[in-house]
Amino acid sequence: MHVGFIGLGVMGQPMAANLARAGTPLVVGNRTPGRCEPLRALGAEVAPSPGAVFDRAGTVILMLADETAIDDVLGRGSPAFPSRVAGHTVVHMGTTSAEYSAGLQTDLRAAGGRYVEAPVSGSRVPAERGELVGMLAGDDDAVAAVRPLLAPLCRETFDCGGVPGALLMKFSVNLFLITLVTGLAEAFHFAERHGLDQRLLRDVLDAGPMASAVSRVKGPKLLERDFSVQAAAADVLKNNRLIADAAREAGLASPLLDVCHALYGETVAQGHGGEDMAAVLRALEARTEAALPPGATATATPCPTSPRVSRA
């Protein structure tokens, strides 16, 4: 049987391409048909509708934007749903609320289908390289069957127990990611407004204990003001909201996340939701400018007493 893949966005297209390159018999579908063409060139079949994907595939991977898109593809809430999903395994790799995922599992089981929750950690570049980190939750037999299919997509996968354990794990990871990138952006903003050499800041960070795969990708983007999308600010805001909701439901304080929530909300409101999450720098800059007296500038001159740092 073929494997189905529906949702060929920023993340989904390179993920599906890696499956095709690995020789997976693949049938793909997408709301925007043109996004299927690169997959057709790699040997994948292109289905005219979501129902046609399910007709051809026993396991269907969904990498869709939100809960509404998932329900539409599955025909959930309509007479088409039971016949579409019965005997199939649905693999949910996107990001939704944990409550939605648990409810989807219940409905799929009732209709005779199986369900695996499989969100991933990583943005567009790791997706292109097949270096995502997968988190899996669901019935043991379903997870065991799906895990080998994800090998071309993920450098490692982790068993997170029952649904919604994988999504809650991803929320924990993304909480750290969001606060990390926001802190990095604020560090570059601080250095720029003090007249420091931001390239030197990047080099110092790369050489020290704060360096990470994230800082080495986002640091150059902040330095060059390159906001081409890897993880869109609007998607980060959505993730932030989901994590904040989960925190509230559990009675947890999340002060760092709440500040980031406000900053990404401002980034999107300023019209930068389609840019990379590093564009949160724009919200920081806007706050700085708003705090200045009229006519003043926030850019400092380099401190004459600062020693020049050399790298031995």
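Listed for the Arg216 side chain is no donor-acceptor partner under 3.5 Å among the backbone atoms of Ala211. Checked by atom type and distance alone, the side chain of Glu67 pairs as donor or acceptor with a backbone atom of Ser97 at under 3.5 Å. Between the side chain of Glu117 and the main chain of Ala166, a donor-acceptor pair closer than 3.5 Å is present. Side chain of Lys238 to main chain of Thr95: a donor-acceptor pair is present (N/O by atom type, distance under 3.5 Å, no hydrogens or angles). Using a distance-only test at 3.5 Å, with no hydrogens or angles considered, no donor-acceptor pair links the side chain of Lys170 to the main chain of Ser121. The main-chain N or O of Val214 is found under 3.5 Å from a side-chain atom of Ser212 such that the two form a donor-acceptor pair. Side-chain N or O atoms of Thr24 include none that pairs as donor or acceptor with a backbone N or O of Leu26 at under 3.5 Å. Ser101 places no side-chain N or O within donor-acceptor distance of the main-chain N or O of Ala98, the cut-off being under 3.5 Å. Counting only distance, with no hydrogens or angles, the side chain of Asp66 and the backbone of Ala69 share a donor-acceptor pair below 3.5 Å.
For Thr179, there are no side chain to side chain donor-acceptor pair (under 3.5 Å) partners two or more places apart in sequence or in a different chain. Taking the side chain to side chain donor-acceptor pair (under 3.5 Å) definition, one finds that Arg202 meets it with nothing, sequence neighbours left out. Considering only residues two or more places apart in sequence or on other chains, Asp276 meets the side chain to side chain donor-acceptor pair (under 3.5 Å) condition with Lys218. Looking at residues two or more places apart in sequence or on another chain, you find a side chain to side chain donor-acceptor pair (under 3.5 Å) between His189 and Thr288. By the side chain to side chain contact (heavy atoms under 4.5 Å, CB included) test, Arg225 pairs with Phe227, Leu281, Arg282, Glu285, sequence neighbours left out. Residues meeting the side chain to side chain contact (heavy atoms under 4.5 Å, CB included) test with Ala234, sequence neighbours left out: Val268. Listed by chain and residue number, Val229, Asp235 satisfy the side chain to side chain contact (heavy atoms under 4.5 Å, CB included) test with Ala232 (two or more places apart in sequence, or in another chain).
Residues Met277 and Val280 fall within the same hydrophobic cluster, defined by Ile, Leu, Val, Met, Phe, Trp and Tyr side chains chained together at heavy-atom separations under 4.5 Å. Residues Val181 and Leu132 do not share a hydrophobic cluster, clusters being chains of Ile/Leu/Val/Met/Phe/Trp/Tyr side chains in contact below 4.5 Å. Each of Val120 and Val10 belongs to its own hydrophobic cluster when Ile, Leu, Val, Met, Phe, Trp and Tyr are linked at side-chain heavy-atom distances under 4.5 angstrom. Using a 4.5 Å cut-off between side-chain heavy atoms of Ile, Leu, Val, Met, Phe, Trp and Tyr, with links allowed through other members, Leu184 and Val217 fall into different hydrophobic clusters. Follow the hydrophobic side-chain contacts under 4.5 Å out from Ile70 and you never reach Leu8; the two are in separate clusters.
Counting heavy atoms from C-beta on, the side chains of Ser215 and Leu205 never come closer than 4.5 Å. No side-chain heavy atom of Met11 sits under 4.5 Å from any side-chain heavy atom of Met93. Taking the side chain as every heavy atom from C-beta outward, Leu237 and His261 approach each other to under 4.5 Å. The shortest side-chain heavy-atom distance between Leu242 and Asn174 does not fall under the 4.5 Å cut-off. Counting heavy atoms from C-beta outward, Leu104 and Leu74 have side chains that approach closer than 4.5 Å. Between Leu64 and Ile6, the closest side-chain pair of non-hydrogen atoms falls below 4.5 Å. Proximity of Asp139 to Tyr115: side-chain heavy atoms (C-beta onward) are nowhere separated by under 4.5 Å.
Sequence neighbours left out, the pairs with a member in residues 243-271 that pass salt bridge (Lys or Arg N to Asp or Glu O under 4.0 Å) are Arg248-Asp258, Glu266-Arg287. Note on residues 28-48: pairs passing salt bridge (Lys or Arg N to Asp or Glu O under 4.0 Å), not counting sequence neighbours, are Glu37-Arg40, Glu45-Arg56. For residues 127-137, the pairs satisfying side chain to side chain donor-acceptor pair (under 3.5 Å) are Arg124-Glu128, with sequence neighbours left out. Applying the salt bridge (Lys or Arg N to Asp or Glu O under 4.0 Å) rule to pairs touching residues 145-157 yields nothing, sequence neighbours excluded. For the side chain to side chain donor-acceptor pair (under 3.5 Å) condition, the pairs that include at least one residue of residues 84-94, sequence neighbours left out, are Thr89-Arg114, His92-Thr96.
Shortest non-hydrogen contact noted between Gly219 and Phe188 is O-CZ, 3.8 Å. What you find for Met135 and Cys160 is that their closest heavy atoms are CB-SG, 3.8 Å. Leu153 approaches Leu19 most closely through the heavy-atom pair CD2-CG, 3.8 Å. Across all their heavy atoms, Cys154 and Val133 have their closest contact at SG-C, 4.4 Å. Counting all heavy atoms, side chain and backbone alike, Ala118 lies closest to Leu136 at CB-CD2, 3.5 Å. When all heavy atoms of Gly4 and Ala57 are compared, the pair lying nearest together is N-CB, 3.3 Å.
Distance CG/Leu284 to CG/Leu263: 5.5 Å, rounded to 0.5 Å. Atom OG1 of residue Thr59 and atom CZ of residue Phe5 lie 13.0 Å apart, to the nearest 0.5 angstrom. Between the OG1 atom of Thr182 and the CG atom of Leu257 there is a distance of 9.0 Å, given to the nearest 0.5 Å. The CG atom of Leu223 sits 4.5 Å away from the CZ atom of Arg199 when rounded to the nearest 0.5 Å.
Defined by atom type and a distance below 3.5 Å, a donor-acceptor pair is missing between the side-chain atoms of Tyr264 and Asn239.
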Legend entry - Stepwise side-chain contact (heavy atoms from CB on, under 4.5 Å) test for Ile178 and Ile243: CA-CA 11 Å; Ile178 291 167; Ile243 301 166; 4.1 Å; yes
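Heavy-atom neighbours of Asp140 CG from other residues, nucleotides or ligands within 6.0 Å: at or below the threshold of 12.
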